[in-house]
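Okay, structure first, notes after.
For reference, positions follow the sequence shown, starting with 1. As the structure is a prediction and not an experimental result, all values here were calculated from the model.
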Amino acid sequence: MSNEDNEPATERRPIFMAVEPQLFVTNVEASCDYYADKLGFTVAFLYGDPPYYGQIYRDGVQLNLRQVDRLPFDQTFRSAEEDALSATILVEDVAALAAEYEASGATFHQQLRTEEWGTSTIIVSDPDGNLIAFAG
C-alpha cells in the first residue's frame, strides 16, 4: 500500500505495553494482605461484594488475583523439583529485595542464588502456593 504521494506506507505493528499475570487464590482479601504486608505491593483495586478479583502493584509491575474455589494446580506440581512459576519479575537489586523479604517474613521457596547463566534469583511463595521469581 502507499499514501497519496506514492510513497510506501509504513506498517506499524502493535506495541506490547505490559503484562498482568493472573494468579489463582482461595481468598483474594487474604492474598492482598500477604502481598502488601510481606512483599511490599499495594492494592490497586478489589472487585465484587464480597471481593473475588483484585489487582496489586509495586513500581511498574501489576499482578491480578482471581479467587477460585479450587486451585487449578496440584501442590506437587509446584514442588521443589518443578519450580512451576506463576510469574517472574525482573528487579534491579535482587540481593536487597531478598533482604527486604527476609525481614518481612515472606515465605521463600528458594533463597538467593546465582543461576548457571549468571542471573541472581529468589523465589517466594504466596499462601496458595503461587511461586513468584524475582531475577536480576
Assess the residue pair Thr107 and Asp126 against the criterion (side-chain contact (heavy atoms from CB on, under 4.5 Å)); give the C-alpha distance rounded to whole Å, side-chain angles, the decisive distance to 0.1 Å, and a yes or no. CA-CA 7 Å; Thr107 304; Asp126 75 7; over 6 Å; no
Measure across Ser125 and Gly129 and return the closest heavy-atom pair with its distance rounded to 0.1 Å. OG-CA, 3.6 Å
Taking atom CZ as the centre, does Phe45 end up with more than 12 heavy-atom neighbours from other residues, nucleotides or ligands that are less than 6.0 angstrom away? yes
Which atom names give the shortest non-hydrogen contact between Pro51 and Gln67, and what distance separates them? O-OE1, 3.6 Å
Distance-only side-chain donor-acceptor flag, Thr121 / Gln110, under 3.5 Å: yes
Over 12 foreign heavy atoms within 6.0 Å of CD, Glu115: yes
Glu11 bridged to Arg13 by N-O distance under 4.0 Å: no
Quick check: do Asp128 and Ser31 have side-chain heavy atoms less than 4.5 Å from each other? yes
Closer than 3.5 angstrom, by distance alone: can the side chain of Asn130 be matched with the main-chain N or O of Phe24 as a donor-acceptor pair? yes
Shortest non-hydrogen pair, Ala87 vs Pro21, comes out as CB-CG, 3.9 Å
Would you please say whether a donor-acceptor pair under 3.5 Å links the side chains of Gln22 and Tyr53? yes
Any Lys/Arg nitrogen of Glu100 or Arg58 sitting under 4.0 Å from an Asp/Glu carboxylate oxygen of the other? yes
If hydrophobic residues (ILVMFWY) are linked whenever their side-chain heavy atoms come closer than 4.5 Å, directly or via other members, who joins Tyr101 in its cluster? Leu23, Val25, Val28, Tyr34, Tyr35, Leu39, Phe41, Val43, Leu46, Ile56, Val61, Leu63, Leu65, Ile89, Val91, Val94, Leu97, Phe108, Leu112, Ile122, Val124, Ile132, Phe134
Kindly give the heavy-atom pair with the smallest separation between Ile15 and Arg12, and that separation in Å. CD1-NH2, 3.4 Å
